[in-house]
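Order of appearance sets the numbers: ligands from 1, and atoms from 1 within every ligand. Positions are given from 1 along the sequence.
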Amino acid sequence: MAKISINIATGTVQQAEAIVGIDLGTTNSLVAFMHPEDKKPYILKEVDQSTLVPSVVYIGEHGERVIGQAALPYLVSHPERTIKSVKRLMGKAFHDIQESTHFKLIDQGPEKPVGIQVDGSTYNAVEISSWILQELKHRAEHLLKMPVQKCVVTVPAYFNDTQRQATRDAGKLAGLDVLRIVNEPTAASLAYGMGISRDESKLIAVYDLGGGTFDISILQISDGIFEVLSTHGDTHLGGDDFDQLIYRYFLECLELNAAHVDMNRTQQLEALALTAKKHLSSNTQFETEWEGRKLTLDQNTFEQLVQPLIHKTLQSCMQALKDSGKTKDELDEIIMVGGSTRMPVVKKAVSQFFGKTLHDSLNPDEVVALGAAVQADILSGNNKDLLLLDVTPLSLGIETMGGLMDVLIPRNSKVPSKAGRQYTTQRDGQSGIRITVYQGERDQVKDNRKLASFNLEGIPSMPAGLPKVDIQFLVNADGILQVKAKELRSQIEQSIEITPSYGLDDAEVERMLMDSITHAKEDIQQRSLIETKTEAEQMVLFTTNFIRKNSRFLEESEMNATELQIQKLQEVMNGDDKQLIQQEMESLNSLSRPYAERVMDEAVAAALKGKTV
Ligand code: AMP
C-alpha cells in the first residue's frame, strides 16, 4: 500500500515513501517518478532542466569521485581515470570482456568480477554503478524533498541472472532496495500505457537504438502479463557508429588522412560530425566551415552513408521476429526507444520494414525510465491490475550421470517459474550428492555454462537407488534462480541462491543458442553413447556385486567367465563405439542370465524351507 502523509510546512499531501523508476543506461541514466496527483510519470529534472545523468565516473588522485555531467570533461583530459559504459562490464569476469577501454581492466580470476584499476586501487562494475545510482538517489531526494529508499531498475531483456544480480547488488550498495528488475522493452511499453488495462492483448516490437547498443524485442501482452518472446541486437552498434561514418566522410571531403590528423583536430571533427547528425534530425541540410573550408552534408548523402548500419538493425528485427514465431502482420505496435531513433532515416526505414506507423511521441531517451516509474507505482500498490512476466534466456538444469545436462527449466520459460525432479544415489551407502547447476542448450554440461554447485550431505546409509533426492528450481520474477535439494526419506535439505560473480552478454547467449543448433545431431549421438556407457557402468557394478554376494551358488567356471566378460566390457567402455559396448553388454547378460535365474530359484526354495540365503 502506498503511504500518504501531510507536509505540515506546505499543507500538501504527499507520499511519505517515494518509489522511483531508474533507467541505469550504458551512456546515460535517468530517474523518474509517478506524480501522485495527475497520475503521470515524470523524469526528475535538475534546476538547469537537465534530465540525463551521463553514466560516467571520474576517480581523482585522492580517490575523490565526480559523477555524471561534471565527469564528462575528464573523458578527454584523464581518460585513464574516467570510467564510462560500465554497464557493459556488469556481471562479467575479465575473460568475458572483448572490448578495449581507456581505463585499466585487471583479471581477478575466472569466477571473480573484472577489476577496474585506477592508481593502486581496484574497483568493480557493481561499485561504480552503485555510485551512479547514489547520484540518482540524491537527485531524487533533493527534488522530491523526501527520502528515497526503494526503486525499480531496468535492464536489457537479454541480461542473464548474473547481470541482473549485479544490478540488484549495485542498488543495495547505493542504499536502495531494488523492488523489481524490469526489462527495458517492458518498461517502454508501460510508458506508452500498453498493458495497463487487463483485457488488452497486444504484440509489440520495441526498437531500441542508443549511443552504443542496439536491441529489438518482441513482447506479448495479454491479461496484464508481459512476456518477452524474443530479443536480438548488437551490443556494439549505436549512434556513435553513425558519428564515425560522418567523421570519415568529412575527412574524405577534406582530403585528409586520419593517421595525419592530430588528436585536437580529430576531436573537433568528431564534434562536428555529432552536430551534423543531430542537425539532420530536424533539417534537410547541414553546412559549416572548418579551417576555412566548407563542409556540407544533406539528408540523401547521410542516408546512403548510414544504410549499412540501418540494414544491420533490420536484419536483427527479422531474426527476432523469426525467433518469436510471429510475422510482421501480427504485430500491433512498434515502439521507438533510444536517442538515435530521433534520426528520420532510422524512423523511415523501421516504419517501412514493419509496414506500420511508429510510437515515437515520447522522448526516446526518457521512455524506459518513465516506464520504470509506472512499474514503481504498480508496486507501491496504486495499480493492482498488472503482473509482469519475462522469460528465461537459456535453459537451466543440473549435471547427471555421464556429464549430461538434465534440463529442469527450459529456455523461454515464463518467470516466475518452478520445476522439480527426483534423483537418487548411484552407490550403496552414498552419504552425499553433488549438485551442479548449468545454463545452456547443449546436451553435455561441459559445453554449457556452470552457474554453481553445492553438496547435499548427511544422507543416511541406504542401498543405491533408495534415497529420494528432490531438486527444486525456482526462478523469481527478477530472473534469479534458487535451487533447493531435499532427501525425502531423511528430510535433510540444502538450498542456494545462484549469485555467480561473472556472466554472459547477449552475444554469448546467442552463440550458445547457435552452437546448440549446429551441434544438435552430434549431441544426440553423444548423448546416446553416454547413456549406453552409463548403463554399462551400472551393469558392471551390479554384476560384480551379484557374483560377490552369491559366490557360493556359482561354479568356478561361471565366476571366471563372468570376470573375463566384465573386463572385456570395461575395455570397450573406454572407447566410443556404442554398438561394441552394447554387444559386450549383451554377452555379459547372456552369460549371467542362467545362473542369475538359478540363484533366484535356489533363493526361493531356501526361503520356502524357512531359511534365508
Ligand atoms: P541513449 O544511449 O539512448 O542516451 O542515446 C544516445 C544517442 O542518441 C547518442 O548517440 C546521441 O548522439 C544520439 N542522439 C541524441 N539526440 C539525437 C538527435 N537529435 N539526432 C540523432 N541522434 C541523437
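- Note on ligand 1: Gly25 sits outside its first shell, no heavy atom being nearer than 4.0 Å.
- Within the 4.5 Å cutoff, the side chain of Thr122 has heavy atoms near those of the Gln108 side chain.
- Centroid-to-centroid, the aromatic rings of Phe286 and Phe302 stay 6.0 Å apart or farther.
- In this structure, atom 4 (O) of ligand 1 lies nearest to the protein heavy atom Asn28 ND2, 3.2 Å.
- For Tyr123 and Trp131, the distance between ring centers is under 6.0 angstrom.
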Trace of the side chain to side chain contact (heavy atoms under 4.5 Å, CB included) decision for Leu144 with Leu44
CA-CA 9 Å; Leu144 295 170; Leu44 293 172; 4.0 Å; yes

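- Close approach of ligand 1 to Gly210 (heavy-atom distance below 4.0 Å) involves ligand atoms 1 (P), 2 (O), 3 (O), 5 (O), 7 (C).
- Under 3.5 Å, the side chains of His232 and Gln319 contain no donor-acceptor pair of N or O atoms.
- Counting atoms of ligand 1 from 1 in the listed order, those under 4.0 Å from a heavy atom of Gly338 are 3 (O).
- Here the protein heavy atom with the shortest distance to atom 6 (C) of ligand 1 is Gly211 N, 3.6 Å.
- Looking from atom 21 (C) of ligand 1 to the surrounding protein, the closest heavy atom is Ser281 OG, 3.3 Å.
- For ligand 1, the atoms sitting less than 4.0 Å from at least one non-hydrogen atom of Thr27 are 2 (O), numbered in the order shown with element in parentheses.
- Listed by number with element, the atoms of ligand 1 under 4.0 Å from a non-hydrogen atom of Met343 are 21 (C).
- Atoms of ligand 1 lying under 4.0 Å from at least one heavy atom of Asp365, given by number and element, are 1 (P), 3 (O), 4 (O), 5 (O).
- Atoms of ligand 1 lying under 4.0 Å from any heavy atom of Leu274, numbered from 1 in the order shown and given with element: 12 (O).
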Trace of the side chain to side chain contact (heavy atoms under 4.5 Å, CB included) decision for Val206 with Ser189
CA-CA 8 Å; Val206 180; Ser189 312; 4.1 Å; yes

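- Here Pro364 pairs with Thr341, Arg342 under the side chain to side chain contact (heavy atoms under 4.5 Å, CB included) rule; sequence neighbours left out.
- Of the options Gly339, Ala273, Ala276, the smallest heavy-atom separation from atom 23 (C) of ligand 1 is shown by Gly339.
- Here the shortest heavy-atom distance to atom 16 (N) of ligand 1, taken over Arg342, His279, Lys277, belongs to Arg342.
- With no hydrogens or angles considered, no side-chain donor-acceptor pair links Thr26 and Ser85 at under 3.5 Å.
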